[in-house]
Amino acid sequence: MRRAMRNPLVVFAIACYLQGALAQSQRSTTIVSVSPTSPNASVTLAPMKDPATVDQIREYLRLSGDLDSYRARWIAAVDKNRSIGAPYWPESFWTDIKAEMGKTDLMPIFVTLYQHGISRDLMQEVLNTYHVVGATLFKVSPASYKLAVAQHAMKDDTDKLTLANTLNVIGRVYQIYKPQIEAARVKYMAEHPDRVNK
């Protein structure tokens with residue numbers, strides 16, 4: 001999961017949700033090719049036969065710091081992709097998206113993902129190795145390699161879960177700002193009549 005979060009996913013999530021939501025308010029003037037996305041986007045992944053336990057996953061995330069680094073990359077991607085926003089979106093909208101991301105419980109994502117793609121035995125080997133050699137030497141261990149292979153195999157599922165989670169966060173924040181954004185859009189379009197909506 002270390003390299004699972006990619007900026008294009010956040011761009012896609014923000015663009016899909018906001019363009020879709022704005023399309024609802026602009027039906028008579030603009031056709032948007034992206035349909036509105038439900039703020040309750042979800043992904044279901046079946047667990048494997050003998051999946052890593054919740055306690056193992058929690059322990060791994062505590063030892064590795066992967067949950068915190070994932071959250072940091074996820075939030076940073078918003079700032080890197082702000083240029084996709086309309087010029088009339090308030091600064092507080094972006095701030096609130098990042099704040100919501102900061103308090104979102106990511107444990108269910110990791111549990112769903114890891115129980116789908118990492119066995120109890122592999123996770124135990126990973127934990128044992130962490131406890132014996134420490135975080136630095138873990139990175140060059142056979143257990144680290146096996147975990148990386150399993151994580152790579154889950155890349156598409158990780159992307160799907162990240163996208164669904166991003167859409168959910170953006171959806172919650174957008175619903176709060178919708179009236180303000182729509183009013184700002186009308187004012188902006190009146191002040192910039194030559195602007196073409198994308």
Side-chain angles (χ1 to χ4, degrees), residues 1-17 35 37-81 97-173:
M1 195 97 152
R2 291 182 188 111
R3 294 186 187 104
M5 178 63 207
R6 296 188 326 225
N7 290 347
L9 284 176
V10 173
V11 171
F12 179 74
I14 293 171
C16 285
Y17 188 83
S35 62
T37 303
S38 166
N40 295 316
S42 65
V43 175
T44 303
L45 299 174
M48 61 186 341
K49 186 176 180 183
D50 189 25
T53 68
V54 174
D55 288 340
Q56 285 178 318
I57 295 166
R58 285 185 192 282
E59 178 70 2
Y60 167 72
L61 294 172
R62 185 186 68 76
L63 292 169
S64 68
D66 280 2
L67 189 139
D68 295 331
S69 62
Y70 175 93
R71 185 185 307 278
R73 288 189 311 273
W74 189 42
I75 293 170
V78 171
D79 283 330
K80 290 178 185 173
N81 295 292
I97 285 175
K98 292 189 295 185
E100 189 70 19
M101 290 171 134
K103 65 183 181 183
T104 297
D105 183 7
L106 297 175
M107 188 59 69
I109 291 174
F110 278 87
V111 169
T112 298
L113 184 66
Y114 281 17
Q115 288 191 332
H116 177 68
I118 298 177
S119 71
R120 180 188 313 246
D121 290 343
L122 174 56
M123 188 57 82
Q124 193 57 54
E125 181 181 348
V126 165
L127 294 175
N128 292 343
T129 304
Y130 256 108
H131 289 294
V132 170
V133 303
T136 303
L137 291 178
F138 174 79
K139 295 174 186 175
V140 296
S141 70
S144 177
Y145 175 76
K146 290 178 189 176
L147 181 62
V149 169
Q151 289 172 326
H152 181 72
M154 299 184 301
K155 184 183 151 322
D156 288 342
D157 294 326
T158 302
D159 291 349
K160 289 174 190 173
L161 284 168
T162 298
L163 179 59
N165 201 41
T166 304
L167 289 170
N168 285 333
V169 169
I170 292 169
R172 288 193 303 268
V173 176

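Atom set for the values below is all heavy atoms of this structure, side chains included, hydrogens, waters and symmetry mates excluded.
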message: Nearest 0.5 angstrom please: Gln56 CD to Glu125 CD, how far?
response: 11.5 Å

task: Decide side chain to side chain contact (heavy atoms under 4.5 Å, CB included) for Trp74 and Asn165; before the verdict, give the C-alpha distance in whole Å, the side-chain angles of both, and the deciding distance to 0.1 Å.
output: CA-CA 10 Å; Trp74 189 42; Asn165 201 41; 3.2 Å; yes

task: Please report the closest heavy-atom contact between Leu63 and His131, naming both atoms and the distance.
output: CD1-NE2, 3.8 Å

Check ion pair Lys160-Asp156 (N to O, under 4.0 angstrom): no

- line: Here the pair of heavy atoms bringing Met154 nearest to Ile118 is CE-CD1, 3.9 Å

statement: CE (Met101) and CG (Asn168) are apart, to the nearest 0.5 Å, by 11.0 Å

query: Can you tell me how far OH of Tyr114 sits from CG of Leu147, rounded to the nearest 0.5 angstrom?
result: 6.0 Å

task: Return the minimal non-hydrogen interatomic distance between Val126 and Ala143, and the atom names on each side.
output: CG2-O, 4.0 Å

message: With a sphere of 6.0 Å drawn around NE2 of His152, does it hold more than 12 non-hydrogen atoms of other residues, nucleotides or ligands?
response: no

Minimum heavy-atom distance between Asp66 and Phe110, given as atom pair plus value: O-CZ, 4.1 Å

- prompt: Within a strict 4.5 Å, meaning less than it, do heavy atoms of the His116 and Met48 side chains meet?
  reply: no

message: Ignoring hydrogens, what is the shortest heavy-atom contact between Gly117 and Ala150? Give both atom names and the distance.
response: O-CB, 3.9 Å

- prompt: Any donor and acceptor pair, going by atom type alone, linking the side chain of Gln115 with main-chain N or O of Pro51 inside 3.5 Å?
  reply: no

query: Can you tell if the side chain of Tyr130 reaches within under 4.5 Å of the side chain of Ser64, non-hydrogen atoms only?
result: yes

- prompt: Under 4.5 Å between any side-chain heavy atoms of Gln124 and Leu127, yes or no?
  reply: yes

message: Once rounded to the nearest 0.5 Å, what's the spacing between atom CG of Leu45 and atom CG of Asp157?
response: 4.5 Å

query: Distance from Leu106 atom CG to Thr162 atom OG1, nearest 0.5 Å?
result: 9.0 Å

- request: For residues Ile57 and Thr53, determine if any side-chain heavy atom of one lies less than 4.5 Å from a side-chain heavy atom of the other.
  value: no

Smallest separation among heavy atoms of Asn81 and Ala77, with atom names: ND2-O, 2.6 Å

field: Short side-chain to backbone donor-acceptor contact, Ser144 and Val140, under 3.5 Å
entry: no

message: Measuring only between side-chain heavy atoms, which start at C-beta, is Lys49 closer than 4.5 Å to Arg120?
response: no

query: What distance separates Asp79 CG from Ile97 CD1, expressed to the nearest 0.5 Å?
result: 10.5 Å

